[in-house]
Amino acid sequence: MSRPSTSRPAQVAQSTNSVLMIRPRRFYPNPETAIDNAFQTRADFDKQALAAAARSEFDAAAQTLRDAGVRVHVFEDTADPEKPDAVFPNNWISTHHDGRVALFPMYSELRRRERRHDIIEELRKTYKVTDVIDYSSFEEQGSCLEGTGSLVLDHVNRVAYVSLSNRSNPKVIQRFADDFDYEAVMFASVDLTGQPIYHTNVMMCVGSEFAMVGLTMIPNKPERKQVRARLEANGKEIVELEPEQVANFAGNAIELHDLTGAKLLVLSTRAFRTLDQGQRTVLTRHARLVPLELPTIELGGGSARCMIATIHLPTV
């Protein structure tokens, strides 16, 4: 793999108005990911019924985002090969302000099927794609980095926050950080049972002026202090999340903006309900909250953030 240029575009914003989403054809909790995803729920339902419910939730979510002023590019999942997690595209692709696209190495073999070059070709019709950096060969070494599930990126300050797990390998993290000119802040976080958090983006969200983060879930005090210090040094107002709130997807949120530039915080209704009034007051100072009803999709172990691959590419 050639080493790409790290030239930085003139204007970088944290949020975007354009997103990529995949409408699921098949949907069910992936048995290959259940072992280390404590957010996943066993679903003893007919797979066709689950998929139909997931599509209905997806369609409503996409429309809610459009009504909020977000440009939503919807791509249909393909029937073959079967991909139960296709609704969570942020794990295999990220797009960047300089026109580059990154493709990521995935932990589950079923999930490796999700990478689709035809989607990149479709994006080229609207956006400038200067290069595609493909890290998928790291799978041959058993090393993974699952996109912006693993990486919570502060685009403006060039910081990549990463909670280490089976899905987030330090070697690949550092390669990405070097290639895309980010400083990697790595740490370990665990849930209430002591199990490693599988993706950083379930316990952390970084917006333009705020950050939601489960700091108490970082057991190592120096690491916890480092994460807090970096966020505060970069001007983020911190909303601390309790482990129970993280378990209800409160951290799995994403800041977007509407056509006027007004900030939006997209999260699930389950996540919204778990926030207390003080947290909501802080967050609404920075963004309008946009809850999405996702009870079926959340059975798969991901929520609103996981469904949204943000598009930071320049337009053609």
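Note: hydrogens, waters and symmetry copies are ignored here, and every other heavy atom, side chains too, is used.
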Practice item. For residues His96 and His312, establish whether the separation of their ring centroids is below 6.0 Å. Key: no
From [atom1] ([X]) to [atom2] ([Y]), nearest 0.5 Å:
X      : Y      : atom1 : atom2 : result
Arg158 : His155 : CZ    : NE2   : 8.0 Å
Cys144 : Asn166 : SG    : CG    : 8.0 Å
Thr126 : Ile311 : OG1   : CD1   : 8.0 Å
Phe187 : Ile218 : CZ    : CD1   : 4.5 Å
Asn248 : Phe272 : CG    : CZ    : 14.0 Å
Glu76  : Ile119 : CD    : CD1   : 10.5 Å

Between [X] and [Y]: side-chain donor-acceptor atoms closer than 3.5 Å:
X      : Y      : answer
Arg100 : Thr95  : no
Asp154 : Tyr182 : no
Thr78  : Lys83  : yes
His286 : Glu209 : yes
Thr200 : Ser163 : no

For the pair [X] and [Y], find out whether any cationic side-chain nitrogen is under 4.0 Å from an anionic carboxylate oxygen.
X      : Y      : value
Arg228 : Glu232 : yes
Arg23  : Asp59  : yes
Arg112 : Glu139 : yes
Arg230 : Glu183 : yes
Arg270 : Glu57  : no
Glu255 : Lys263 : no
Arg167 : Glu146 : yes

Check your understanding: Taking atom CZ of Arg116 as the centre, does the number of heavy atoms from other residues, nucleotides or ligands within less than 6.0 Å exceed 12?
Key -> yes
Check your understanding: Does the pair Ser268 and Glu298 meet the rule for a side chain to side chain donor-acceptor pair (under 3.5 Å), with working shown?
Key -> CA-CA 9 Å; Ser268 73; Glu298 287 176 331; 2.7 Å; yes
Review point. If we only count heavy atoms from C-beta on, is the Arg25 to Glu82 side-chain gap below 4.5 Å?
Key: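 No, side chains not in contact.
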Point to revise | Side-chain touch Leu275/Leu283, heavy atoms, less than 4.5 angstrom | key: yes
Exercise for review: Could you label the plane-to-plane angle of the Phe180 and Phe176 rings as parallel, tilted or perpendicular, counting under 30° as parallel and over 60° as perpendicular?
Suggested key: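 Parallel: the ring planes of Phe180 and Phe176 meet at under 30°.
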Practice item. Kindly assign one of parallel, tilted or perpendicular to the pair His73 and Tyr127, based on the angle between their ring planes and the thresholds 30° and 60°. Key: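 Perpendicular.
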Review point. So if you build clusters from Ile, Leu, Val, Met, Phe, Trp, Tyr with side-chain heavy-atom gaps below 4.5 Å, do Val87 and Leu256 land together?
Key: yes
Review point. If two hydrophobic side chains count as joined below 4.5 Å and joins carry through other members, does Trp92 share a cluster with Ile297?
Key: no
Practice item. Look at the side chain of Asn201 and the backbone N and O of Thr148, then say whether any donor-acceptor pair between them is shorter than 3.5 Å. Key: yes
